[in-house]
Amino acid sequence: AARLKLDSDGLSIDRLSIEDLGDMSFVATGRIQTLSSPGGNITLYLDARDLNGVATLAGLAMPALADPLRRLADRQKTAVLRANISLGQAGAGRVEGKIGVNGTLGAIRLDASASATGKREVFMLAGPGIIAGTDAHFKGQFDADEAAPLLALFGLGGIESAGGQSAGGHPARLTLAADGPLGRDLHFDAKLDAGPIEAGGNGVLKLASGQPASLDLEQLKGTIDGSKLKGRLAFRFGEGTQIDGSVEADTLNVPAVVAAAIGMPAKSNSPDAAAAGSAGGWSTEPFAWNASGLSGRIGFKTQRAVFASGLAAAQLQGTIRFNRSEVVFEDIAGQLGKGRLEGRLAFANSDYGVSARLRFGLTDAELRLSWAR
C-alpha cells in the first residue's frame with residue numbers, strides 16, 4: 001500500500017507499507033521538505049522473520065554491512081527495528097540530516113545514529129546532491145546477553161577463549177564511532193567486550209563514492225582471557241570481506257585457535273587447568289565446516305603457544321591464510337624442547353567433508369622422559 005508524493009520540494013509519505021518482502025514487513029510515514037525551509041522527518045518500522053532479507057537491503061545501501069548481517073543470520077533469525085530520518089537547519093545556510101536506528105537484531109540490542117551537515121543544496125532531492133562534502137558523525141552501541149551473537153558479526157561466532165573457556169555466559173558490548181568528511185577519511189574508534197575478548201582500536205574508515213568501503217585499524221590492543229594482544233587489521237568490503245593484518249599475543253591456545261578458524265567446538269577446561277594456563281585439548285564432538293566466510297591473511301606471533309597440557313612452544317610465529325573453503329596455518333616456526341619447530345597445517349572443505357594435511361618438523365630438541373616407580 002502506498003500513498004506518497006515526491007517532487008522538487010521534498011518527500012511526503014502518508015503511508016508506505018509492504019506486508020511481506022523477503023519475510024519482512026515495514027511501514028513508513030512522515031514528510032521531509034528540502035526546497036524552501038529544510039525540515040521534517042520520516043519514521044520507518046521494520047519487522048523481519050529472516051535476517052537474510054535485511055542483509056540484502058543493507059547491502060544495497062551500504063555493502064559493508066551485508067556480510068556481517070548474513071553471518072549473524074546463521075544464528076539469529078528475527079529483527080524488529082525503528083528508524084527515524086530527519087532534516088533540520090544547522091545555521092548559516094547549512095542543513096543537518098540525521099538517521100537514528102534502534103531495536104533488536106536477533107539477540108542483539110542496537111542503538112545507532114548518524115548525522116551529516118552540509119550546504120542546503122546537498123540535501124535537495126531534485127538537485128545534484130553531492131553529499132560527499134558533508135561532515136559526518138556516526139556512533140553505535142550493540143549489546144547482547146552473551147558474547148556469541150556479537151562475535152558472529154565478525155565471523156567468530158564459534159570462538160572459544162585462549163584458555164578454552166566458552167565465549168558465552170556474560171553480557172557483551174560493541175561500541176563504534178566515526179567522524180569526518182564523507183567521501184574522505186573518517187576517524188574510526190571501536191571497542192569490543194565479548195566473553196574472552198576485550199579489545200579496542202582506532203584507525204581510518206574510507207567511504208569513497210564508487211569504491212568499496214575500507215577500514216584500517218592501525219592500533220589494535222586488548223586481551224584474550226587476560227593474555228595481552230596487539231596488532232593491526234585492514235578490512236576491504238565488497239563482494240566479500242577481505243582481511244589483511246598482523247597480531248601479537250603473549251599466549252595462544254593452539255586447539256582453541258584452530259577450532260575457531262574452522263568452526264570446531266573446543267574442549268572446555270576445568271577451572272584449575274584454565275588458571276594454570278594449559279590448553280583444554282581437542283574436542284571429540286562431531287562438527288560441520290563453519291568457517292567465517294571471510295578471506296585474507298593474518299600474520300601472528302606469540303611468546304608462548306600451548307598445544308596441550310605440559311606441551312608448549314616458545315616464540316611461535318606464522319601466517320593464517322583463509323577463504324570460504326580453506327584455512328591454512330603456514331610458515332610456522334618456533335622453539336620446542338630447546339629445538340627448532342617448523343610446520344604447516346591446512347584444512348579444506350569439499351563435498352566429501354573436511355580434510356586436513358599436516359607437515360611437522362622438530363630438530364635439535366631435548367627429549368625428557370620421566371616415570372614413577
Which pairs of donor and acceptor atoms, one on a side chain in residues 186-199, lie under 3.5 Å apart (sequence neighbours left out)?
from	atom 1	to	atom 2	distance (Å)
His187	NE2	Asp189	OD2	3.0

Using residues 171-181 as the side-chain source, report each donor-acceptor pair under 3.5 Å to any protein atom, sequence neighbours left out, with the distance given to one decimal.
from	atom 1	to	atom 2	distance (Å)
Arg173	NE	Asp143	OD1	2.5
Arg173	NH2	Asp143	OD1	3.1
Asp179	OD1	His137	ND1	2.4

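In plain terms, the two heavy atoms of Ala234 and Asp216 that are nearest each other are CB-OD1, 3.2 Å. Taking each heavy atom of Gly203 and Leu217 in turn, the nearest pair found is N-CD2, 4.2 Å.
Following chains of ILVMFWY side-chain contacts shorter than 4.5 Å, one can reach Phe26 starting from Leu105, so the two form part of one hydrophobic cluster. No chain of hydrophobic side-chain contacts below 4.5 Å, direct or via other Ile, Leu, Val, Met, Phe, Trp or Tyr residues, connects Val27 to Ile42. Under the 4.5 Å side-chain heavy-atom criterion for grouping Ile, Leu, Val, Met, Phe, Trp and Tyr, Leu11 is connected to Ile18 within one hydrophobic cluster. Under a hydrophobic clustering in which Ile, Leu, Val, Met, Phe, Trp and Tyr are joined whenever their side-chain heavy atoms come within less than 4.5 Å, directly or via other members, Leu21 and Leu44 fall into the same cluster. One hydrophobic cluster, built from ILVMFWY side chains closer than 4.5 Å, cannot hold both Val80 and Leu150; they sit in different ones.
Taking the side chain as every heavy atom from C-beta outward, Arg49 and Asp20 approach each other to under 4.5 Å. Put simply, the side chain of Asp14 does not reach to within 4.5 Å of the side chain of Thr29, judged on heavy atoms. Counting heavy atoms from C-beta on, the side chains of Leu341 and Phe360 come closer than 4.5 Å. A 4.5 Å side-chain heavy-atom check between Asp244 and Arg232 finds at least one atom pair inside the cut-off. Taking the side chain as every heavy atom from C-beta outward, Leu46 and Met24 approach each other to under 4.5 Å. Arg297 places none of its side-chain heavy atoms less than 4.5 Å from the side chain of Asn323. Counting only heavy atoms from C-beta outward, the side chains of Thr223 and Leu229 never approach each other to under 4.5 Å. Under the 4.5 Å side-chain criterion, counting only non-hydrogen atoms from C-beta, Leu110 is in contact with Leu81.
In this structure, Ser227 contributes its side chain and Thr251 its backbone to a donor-acceptor pair below 3.5 Å. A donor-acceptor distance shorter than 3.5 angstrom exists from the side chain of Thr302 to the backbone of Ala249, with no hydrogens or angles considered.
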| said: Between Val328 and Phe347, does the side-chain contact (heavy atoms from CB on, under 4.5 Å) criterion hold? Intermediate values first, please. | reply: CA-CA 6 Å; Val328 181; Phe347 293 92; over 6 Å; no

| task | Give the intermediate values and the outcome of salt bridge (Lys or Arg N to Asp or Glu O under 4.0 Å) for residues Asp135 and Arg94. | result | CA-CA 11 Å; Asp135 295 324; Arg94 293 172 65 82; 3.6 Å; yes

| task | Using the side-chain contact (heavy atoms from CB on, under 4.5 Å) rule, take Asn41 and Leu87 through it: C-alpha gap first, then chi angles, then the decisive distance, then the call. | result | CA-CA 6 Å; Asn41 66 84; Leu87 209 60; over 6 Å; no

| said: With salt bridge (Lys or Arg N to Asp or Glu O under 4.0 Å) as the criterion, how do Asp111 and Arg109 come out once you've worked through the C-alpha distance, each side chain's angles and the decisive distance to 0.1 Å? | reply: CA-CA 7 Å; Asp111 187 357; Arg109 301 177 297 277; over 6 Å; no

| task | Verify side-chain contact (heavy atoms from CB on, under 4.5 Å) between Lys139 and Ser113, making sure each step is shown before the conclusion. | result | CA-CA 6 Å; Lys139 62 179 180 180; Ser113 64; 3.5 Å; yes

| request: Determine, step by step, whether Lys230 and Asp250 satisfy the salt bridge (Lys or Arg N to Asp or Glu O under 4.0 Å) criterion, reporting the C-alpha distance in whole Å, the side-chain angles of both residues, the deciding distance to 0.1 Å, and the verdict. | output: CA-CA 9 Å; Lys230 64 178 182 179; Asp250 289 347; over 6 Å; no

| said: With side-chain contact (heavy atoms from CB on, under 4.5 Å) as the criterion, how do Val257 and Val254 come out once you've worked through the C-alpha distance, each side chain's angles and the decisive distance to 0.1 Å? | reply: CA-CA 5 Å; Val257 171; Val254 175; 5.8 Å; no

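A distance of 11.5 Å separates OG in Ser350 from CD in Glu326, rounded to the nearest 0.5 Å. A distance of 8.5 Å separates CZ of Arg344 from CG of Asp331, quoted to the nearest 0.5 Å. In this structure, CD in Glu218 is found 9.5 Å from CG in Leu233, a value given to the nearest 0.5 Å. Taking CG of Leu316 as the reference point, atom CD1 of Ile332 lies at 6.5 Å (rounded to 0.5 Å). Atom CG in Leu336 sits 12.5 Å away from atom NZ in Lys338 (nearest 0.5 Å). Phe235 CZ to Leu205 CG: the interatomic distance, rounded to the nearest 0.5 Å, is 11.5 Å.
A donor-acceptor contact closer than 3.5 angstrom is absent between the side chains of Ser25 and Asp47. Using a 3.5 Å distance cut-off with no hydrogens or angles, the side chains of Ser295 and Gln242 do pair a donor with an acceptor.
The only option from Arg321, Arg357, Arg359 that meets the salt bridge (Lys or Arg N to Asp or Glu O under 4.0 Å) definition with Glu330 turns out to be Arg321.
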